[in-house]
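Written below as structure tokens is the structure these notes are about.
Throughout, protein chains are lettered first and strands after them, A, B, ... in sequence-line order, and every chain is numbered starting at 1.
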Amino acid sequence: MTKKVQVSATVNGETVDFLCEPWQSLLDVLREELHLTGAKEGCNNGNCGACSVLLDGAPVNSCLVLAVEAEGAEITTVEGIAQNGQLHPLQQCFLEGAALQCGICTPGFLVTAKALLDQNPNPTEEQIRFELAGNLCRCTGYDKIIKAVQAAAKNLQEAN
Amino acid sequence: MKPFDYTAPSTIADAVSLLSQHNGEARVLAGGTDILVQLREGLREAGIVIDVKKIAELRALDCCSTSGLTLGASTPCAEIYGNADVCNAYPALTDAARIIGGWQIQSRASIGGNLCNASPAADSIPALIALNAVALVAGPSGQREIPVADFCTAPGRNALAAGELLVCLQFPAPSANASSAYQRFIPRNEMDIAVVGVGSWLQLDESGQTILSARVALGAVAPTPVFAAEASDWLAGKPATEDTYRQAGELARKAASPISDMRGTAEYRVHLVGVLTQRTLAKAVQRAAG
Amino acid sequence: MAAGSDQKKYKVIGTRPIRPDGADKVTGRAIYGADVQLSGLVHGKILRSPHAHAKIKSVDVSAALQAPGVLAVVTGADFPELKDKIAQLGEGAVNLAYLSGNLLARNKVLYKGHAVAAVAARTANQAEEALKKIRVEYEPLPAVTWVLDAMQDDAPLLHDDIHTDSMGNKSEKPSNISTHLHFETGDVGQGFKQADVVIEREFKTASVHQGYIEPHVATALWNTDGRLKIWTSTQGSFTARQQTAELLQIPVSQVTVVPCEIGGGFGGKISVYLEPVAAMLSRQCGRPVKMTMTREACFEATGPTPGSYMRVKIGATKEGKIVAGEAYLAYDAGAYPGGMIGPGCMCVFSCYEFPNAVVDGYDVMLNKPKTQAYRAPGATHAALACETIIDELAEKLKLDPIEFRLMNAAREGTRRVDGPVYPRVGLIECLEAAKASEHYQSALKGPNRGRGVAAGFWFNIGLKSAATANVNADGCVTLLEGSTDIGGSRASIAMQLAETLGIAAEDVHPAVVDTDSVGYTDVTGGSRVTFATGMAVYQVGRKIRAQMMERAAELWEVDAASVSEADGVYSSGEHALPFKALAVKLHEIGGPIVGSASVNPQGSSNGFGVQIADVEVDPETGKVSVLRYTVIQDAGQAIHPSYVEGQMQGGAVQGIGWALNEEYFYGEDGQMKNASFLDYRMPTALDVPMIETIIVEVPNPEHPFGVRGVGETPIVPPVAAMANAVYAATGVRMRDIPMSPPKLWKALAEKESS
């Protein structure tokens, strides 16, 4: 039997302490212990991106991170993208551009797209498609997702 | 999944001693993008997982024009291709690092892990062999070096002895008029396992017209990634022309002994070796010529 | 862009409001099936067959029952024996013995991944570990996974009690062929005699999966009062309720199904896999039990679309008139009878006027998971065959491929081979729009590039929908519906009610509610929701309007007959009040207003579409890149154009994946070798270009707003359009799908050497 481990991390700007099994995934702990169910399990082996979160600013598949590895880390989930009740321009553009149908992949796309725009405020269509290739969507054919990211990039640049 | 413990030592000595202590029960965790899947799917088991990301030497990324590149075994791909010096000096390496999984994988996955996992189709290994990288290994009886070309022994198996840990990969200093490229063939444009991968390195003479020496390595066409010795040797002294690349491709095909599976037939894979050898050589020449 | 539409006469319909469930879905708050949390929740897992075909000699669960955390174990033996019981399940009759056998195998496993037993434990990991302790003794049997092999007399037989039903006659010997269908119109022999050009070809397609990103999930609580409540991700809460009740042999009213948000379905989330098992586990352990499927199990044990073999022959005169068609279609049904052969047969010649045609179809069982609907089930295969030959005929006759299609296009009065005569349909308008499009008019230049065109048809059904609306004291309207929302239907339904009532889309607040809270509603499938549930809310709106007029009369103390309504404003003489202002007064004049309606439209609304693909083929590797792609479709009337475009784009990209790389890859052992998102290869964002759309609007006379339904037609033409484009680029006809790089490379090499 393994013993539970105490972990301290910053999740969406708040310091949280949780107990987890040493073998538990970050995805599992986010969803089951911290009740942040925005990150979704689509495959549980890193092939769909539905569980994407930011770990110290970098997009990762939370199904392929052990929760114990989050000790001292800063984690952003889809729940942490909106600030002070205001949707992030990406979220707004996804809504206005009908960039989601069933919505299950949406949290992962938003998280990865945020990382992209944080790093590259003016990406080309090719760059957006390349960086979002780790996020599968089966409903939209990607067209409206790419356009929503482009629109958000434009809005963010105009706001700055 | 069978439960396991977790520990994260901060020195090589501690890691090696932990590996010895849990003889056969311990698994090394770098990016985790292979090992966690394997543990979850029951392909491997562990009593304890040793996270090596807190060991400074394993996070190294030192790129120097005279001494070469030292790449820590757990340094993630995104950090590697995010380094402009590495991109310039070792493009085959960054070509590979840029296409291992998607961005989420690249934030975590390391070249050291890709090597230790020893998949025949691993994207980084042909690049490492072409770049003549050497693995520095620490074990209970000290450190030793293993050329990457000798590192993989069978699918999923490597040359590490019990209790040994891959510390870093060392790359020779960049030569003048030299460059490299890695390309793979996949049916999609991303998120796929190589049907065939080819890494090529070469050095041109000062005129840029003649190949002085070359190294070509192949992935996904044998139980381990292979160095295409005949093609590599043959290239020395040849003119840097499309015809040369094509002939080198013909020779490289001889080094391939692939299987047929859901990713492609043996016949197709052998064919692709020719195509990709040709393309990577052309790309490397284009880069070497600046 | 909309073509062919009349002058806009609507205020809400045709606009693009933000979907009502949008905020929850971009902030991570929406509750999908896996997000359900209940007090005392435990977790269930399923043990699956490692063999493609085997006898189960024994199952011993005793060690599993002793494993840490385990609360219950069930096998097929715990479920009622259902011998030849037929149930009507919305879209057709189902033999419950097969449904039950698929849920948990009894004597035989029929495919790798077939469920054998299930465990509930305190944690998901404990349940998984306990599965390893269940001892199953198998006697492996030979397996068959290709449809033509399964049709052979000496093929391994899946069921010894199924005999071929050939138009009412049963075969003497048991067979893997469960049904032989036959449709005929005119005189085919005579037809082919009139033909100047006849082309006959064979086609093969591999099974493909719906590929929804959310795995199947269900949570069940069998309460101490005997009532069963199920939270699940389903396309149809009422069919999930009925299937569960039938499989457990309990009354439907004892079961409540709460539909959670659903992470994609495409036809694959209609059949139940987990719900009755979770229920049985819950009954045994007295706790709510949640079950989620692995991705591997989704591939190995839930509905792919059929693999198929097709042989089709079409004849035309040198003037370009189709005179006859003949089709032999063999579709696999998976491990149990009842696949997609029916719609395949009806669709194969559905886009054109065939004065003479004959279609024979075979429903064939083999060692794969039971096939399920996948977006226009059976039509994509058939369209590949027909549209490839149409393309060849056009080339032979030196006619533009769109022109040739226009000369023969199905129109009002065309009789389909299976009988129905089309009312007003929009194929000609789609073909005209395709021809006039900037895409088709622009030249495609460069080596190894080619353009392909294909048309497609899907029925679009009606069936049963119910809805209830409450007028709130602030004049907003709460709408309760039973149609689960896969892709934005809350918006399209709310907009139709808003249009009917003359209020803003934002003033209708839709909710998808459980099976106790709204009238019976059939599945979200068959492209029926915007059509049929839209029809229901139109009636709801009319009923509310009538009541509002009565209340206005009461308020103004006038004769009810003097009150009229236009654009949401109620008036009588000098009195006039808009809907909201009148609603605010309801409490003074008789209290709240509720409107309910239930509809059951029959027949189909006939959706046609045309697609144009530009591709480039790498001659050295056989890899196909999509350069440009346009989807043209008759939507009847687009309610929310963004979501109509979304359906068109999404369906087309699924079809592109089907054409190029997606397939169930089987080994000699009858086992699928690529049951993961890594190796199954659905398109990523980097694999497709922007998908251009042209919405054609030829209103459906059977719907108050002219809606036709749009969800399925977009996946019908892509495989054929891509194959035709690859031919144009390379001169090679690919009739073995997918046209994956190894296959296309080989075909190119063979062409080169010949």
Heavy atoms of other groups near A/Glu74 CD, more than 12 under 6.0 Å:
no
Checked C/Pro68, C/Gly22, C/Gly211 vs chain A; the most non-hydrogen pairs under 4.5 Å come from C/Gly211
May I ask you to list the residues in residues 83-95 of chain A that approach chain C closer than 4.5 angstrom, counting heavy atoms only, ordered by number?
A/Leu87, A/Gln91, A/Gln92, A/Phe94, A/Leu95
Contact origin within C/Ala34 toward chain A - heavy atom pairs under 4.5 Å
both
Atom CE of C/Met682 and atom SG of A/Cys137: how far apart are they, to the nearest 0.5 Å?
8.5 Å
Checking heavy-atom separations under 4.5 Å from chain C, one finds in residues 37-52 of chain A A/Thr37, A/Gly38, A/Lys40, A/Glu41, A/Gly42, A/Cys43, A/Asn47, A/Cys48, A/Ala50
Whatever's closer than 4.5 Å to a heavy atom in chain A on C/Glu214 counts as both
Looking only at heavy atoms and a cut-off of under 4.5 Å, which of C/Val653, C/Ile31, C/Ile486 has the most pairs with chain A?
C/Ile486
Hey, does the side chain of A/Tyr142 reach the backbone of C/Pro683 with a donor-acceptor pair shorter than 3.5 angstrom?
yes
Counting heavy-atom pairs under 4.5 Å with chain A, which one of C/Gly488, C/Gly264, C/Ala124, C/Pro215 comes out on top?
C/Pro215
Given side chains that start at C-beta, do those of C/Asn125 and A/Glu21 come closer than 4.5 Å, heavy atoms only?
no
In terms of heavy-atom pairs under 4.5 Å with chain C, the winner among A/Arg129, A/Glu79, A/Arg138 is A/Arg138
If you count heavy-atom pairs under 4.5 Å between each of A/Gln101, A/Glu32, A/Glu125, A/Arg31 and chain C, which one has the most?
A/Gln101
Which atoms of A/Gln24 approach chain C - backbone, side chain, both or neither, heavy atom under 4.5 Å
neither
Checked C/Lys25, C/Arg29, C/Arg19, C/Gln210 vs chain A; the most non-hydrogen pairs under 4.5 Å come from C/Arg19
For the student: nearest non-hydrogen atoms of A/Ala133 and C/Leu686, plus distance
CB-CB, 4.3 Å
Out of curiosity, A/Lys144 NZ to C/Met690 CE, how far, rounded to the nearest 0.5 Å?
10.0 Å
Taking 4.5 Å as the heavy-atom cut-off, does anything in residues 35-42 of chain C contact chain A, and if so which residues?
C/Asp35, C/Gln37
Sort out for me which of C/Tyr212, C/Tyr32, C/Phe266 touches chain A most, counting heavy-atom pairs under 4.5 Å.
C/Tyr32
Select one option (side chain, backbone, both, neither) describing which atoms of C/Thr294 are under 4.5 Å from chain A's heavy atoms.
neither
Is C/Leu678 close to chain A through its backbone or its side chain, or both, or neither, when contacts mean heavy atoms under 4.5 Å?
both
Most contact-rich option vs chain A, by heavy-atom pairs under 4.5 angstrom, among C/Cys298, C/Ala685, C/Gly651, C/Gly265, is C/Ala685
May I ask you to test the C/Thr684-A/Leu136 pair for a side-chain heavy-atom distance under 4.5 Å?
yes
Please determine which of C/Glu645, C/Met648, C/Glu692, C/Gln649 meets the side-chain contact (heavy atoms from CB on, under 4.5 Å) test together with A/Asp143.
C/Gln649
So which residues of residues 151-160 of chain A are in contact with chain C at a heavy-atom cut-off of under 4.5 Å?
none
Of the listed residues (A/Ala82, A/Cys102, A/Gly141), which shares the most heavy-atom pairs with chain C below a 4.5 Å separation?
A/Cys102
When the 4.5 angstrom heavy-atom criterion is applied to C/Pro689 and chain A, the contacting part is backbone
Spacing of CG belonging to A/Leu100 relative to OH belonging to C/Tyr643, to within rounding of 0.5 Å:
5.0 Å
Portion of A/Thr106 that has a non-hydrogen atom of chain C nearer than 4.5 angstrom:
side chain
